A.B. asks: 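My questions all concern the structure below.
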Amino acid sequence: QQQAAVGRIAYASLMTGGASLEERSPIKRRRGDLHGETLKLKLPETIDAVQSLVGLISLLADSEDALTAGAAAAVLRRLPTLLASAAVPGGVSQEALHARLEAGDAFEAASLPSRWPEERGARDVLWKCPRSVAAGDDVAGGHAADADTNAGPAAFLRAQDCVEEVLDDSRQRQATSFAWLADVASFYGAIRPGPPVSRHVIEDCADEVLRRCRAANSSDLDPEDLAYACRAARGLAESGVLMRHDVY
């Protein structure tokens, strides 16, 4: 499934054109308080403008606390393009890339694990990224590829921590927008991170979209919300996890 997504990831790049582990667990982090709230409000916009995987994880690492729901969605929106850009050799022009994709070629993007590694050393590498890949700019030494390989999974897992927390909490889940649900469902459907597949994320998104559609009697949904609901349903279908669900 991951290989099947590679072509779509590379194609997306054409269309869009761009505390330590001992102190804090990466699985459940403390949500933000009022300190630094101005920076957090601007974080989604800053994420949308990031140009590399290392730049993305550096930005997230500088944000000291857990991501907000909006910032996590921004990470998921930006990751496909950045993964594609990192997978394409530096000397390949856009024209050559397009020609190779049309000919059926594919570039292998970094895989995205759906769980933090159980082994402490491996988890530490991802959690401390980008500090663990401080030599990422040393292209001559061959470290740039390692930096991108670690940065993608590290950024995704930080975002997924927040996504799972929001979906697991009924109050937070109901406070999210249709656009947020669509962003999450579209990412998990197109990229299919894992193994293992994050089935609980996909199912929770489907259940929440269905709840809102039923509450609004579907035909009474705002046109914009209806468009987001359809986009979410498409992502859920692309995931290949939910063969049958009333949301369809």
Side-chain angles (χ1 to χ4, degrees), residues 1-2 5 8-9 12 16 26-29 31-32 40 43-45 47-48 50 56-57 60 63 66-84 109 111-116 152-215 221-222 224-243 245-248:
Q1 287 183 334
Q2 187 67 39
R8 289 196 297 274
I9 293 174
T16 54
I27 307 303
K28 289 295 180 182
R29 291 191 291 160
R31 299 287 294 174
K40 293 181 184 180
L43 191 56
E45 298 175 6
I47 291 171
D48 286 337
V50 162
L56 175 61
I57 191 57
L60 300 184
S63 179
L67 295 180
T68 63
V75 171
L76 300 186
R77 287 195 305 270
R78 193 68 183 129
L79 263 177
T81 296
L82 298 182
L83 288 169
S111 61
L112 297 179
S114 58
R115 295 177 182 171
W116 291 94
F156 167 66
L157 288 170
R158 285 172 183 258
Q160 180 167 257
D161 279 355
C162 178
V163 169
E164 289 179 328
E165 182 178 342
V166 171
L167 293 174
D168 287 345
D169 186 298
S170 60
R171 294 179 62 182
Q172 292 188 65
R173 185 173 64 249
Q174 293 174 22
T176 61
S177 65
F178 253 124
W180 188 89
L181 292 168
D183 284 337
V184 173
S186 295
F187 178 87
Y188 281 84
I191 305 303
R192 302 173 189 169
V197 176
S198 303
R199 185 183 183 93
H200 58 292
V201 172
I202 297 167
E203 289 178 336
D204 287 348
C205 279
D207 291 345
E208 181 59 21
V209 171
L210 179 61
R211 184 194 69 79
R212 297 184 188 197
C213 288
R214 284 177 169 168
L221 276 177
D222 177 270
E224 186 175 28
D225 285 343
L226 180 59
Y228 284 129
C230 291
R231 182 170 157 236
R234 177 176 177 173
L236 296 167
E238 288 178 336
S239 73
V241 172
L242 300 181
M243 297 296 101
H245 195 282
D246 288 346
V247 73
Y248 297 140

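In what follows, every heavy atom counts, from backbone to side chain, and hydrogens, waters and symmetry copies are set aside. Treat the numbers as computed from the prediction; the structure is a model and nothing was measured.
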A.B. asks: Identify the two heavy atoms, one from Ala206 and one from Leu242, that lie closest to each other, and give their separation to 0.1 Å.
C.D. replies: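 So the two residues come closest at CB-CD1, 3.6 Å.
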A.B. asks: Testing the basics here: between Leu157 and Pro113, what is the closest heavy-atom pair and its distance to 0.1 Å?
C.D. replies: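 Answer, listing the atom of Leu157 first, then Pro113: CD2-O, 3.4 Å.
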A.B. asks: Between Asp48 and Arg77, is the closest basic N to carboxylate O distance under 4.0 Å?
C.D. replies: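 Yes, this pair counts.
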A.B. asks: Looking at Glu208 and Leu181, would you say the former's side chain and the latter's main chain have a donor-acceptor pair under 3.5 Å?
C.D. replies: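 Pair absent, no side-chain N/O of Glu208 close to backbone of Leu181.
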A.B. asks: Does any non-hydrogen side-chain atom of Leu83 lie less than 4.5 Å from one of Leu112?
C.D. replies: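 Contact flag for Leu112/Leu83 side chains = yes.
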A.B. asks: Are any of the side-chain heavy atoms of Pro193 and Phe187 separated by less than 4.5 Å?
C.D. replies: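 SC-SC contact between Pro193 and Phe187 confirmed.
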A.B. asks: Measuring from Leu60:CG to Leu43:CG, what's the distance to the nearest 0.5 Å?
C.D. replies: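 Answer rounded to 0.5 Å: 6.5 Å.
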A.B. asks: Donor-acceptor check, side chain of Ser114 to backbone of Pro196, threshold 3.5 angstrom: yes or no?
C.D. replies: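 Yes; at least one donor-acceptor contact below 3.5 Å.
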A.B. asks: Tell me the closest heavy-atom pair linking Val166 and Ala69, and the distance in Å.
C.D. replies: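 It is CG2-CB, 4.0 Å.
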A.B. asks: If I compare all heavy atoms of Val75 with all of Ala155, which pair ends up nearest, and what's the gap?
C.D. replies: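 So the two residues come closest at CG1-O, 3.9 Å.
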A.B. asks: Report, as yes or no, whether the 6.0 Å neighbourhood of atom CZ on Arg211 holds more than 12 heavy atoms from other residues, nucleotides or ligands.
C.D. replies: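 For Arg211, atom CZ is crowded (more than 12 foreign heavy atoms under 6.0 Å).
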A.B. asks: Is it true that Arg231 and Asp183 have a side-chain N and a carboxylate O under 4.0 angstrom from each other?
C.D. replies: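 Salt bridge between Arg231 and Asp183, a charged N being under 4.0 Å from a carboxylate O: yes.
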A.B. asks: Does Trp180 offer a backbone N or O that forms a donor-acceptor pair with the side chain of Ser177 under 3.5 Å?
C.D. replies: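 Confirmed, Ser177 side chain pairs with Trp180 backbone.
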A.B. asks: Locate the shortest heavy-atom distance separating Ile47 from Ala71; write the atom from each residue and the value.
C.D. replies: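 Heavy-atom minimum between the residues: CD1-O, 3.6 Å.
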A.B. asks: Hey, could you give me the NE2/CD distance between His200 and Glu164, rounded to the nearest 0.5 Å?
C.D. replies: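 One finds 3.5 Å between NE2 of His200 and CD of Glu164.
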A.B. asks: Taking atom CD of Gln172 and atom OG1 of Thr68, what is their separation to the nearest 0.5 Å?
C.D. replies: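 Rounded to the nearest 0.5 Å, the CD-OG1 separation comes out at 10.5 Å.
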A.B. asks: What closest approach, in Å, do Ala229 and Cys213 show between heavy atoms, and which atom pair accounts for it?
C.D. replies: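 That would be CB-SG, 4.2 Å.
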A.B. asks: Rounded to the nearest 0.5 Å, what separation is found between the CG atom of Leu67 and the CG atom of Asp161?
C.D. replies: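 So the CG of Leu67 and the CG of Asp161 are separated by 8.5 Å.
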A.B. asks: Side chains of Val197 and Ile202: closer than 4.5 Å at any heavy-atom pair?
C.D. replies: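 The answer is yes; the side chains approach within 4.5 Å.
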A.B. asks: Are Arg212 and Asp225 close enough for a salt bridge, meaning some N to O gap below 4.0 Å?
C.D. replies: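 Result for this pair is no, no salt bridge flagged.
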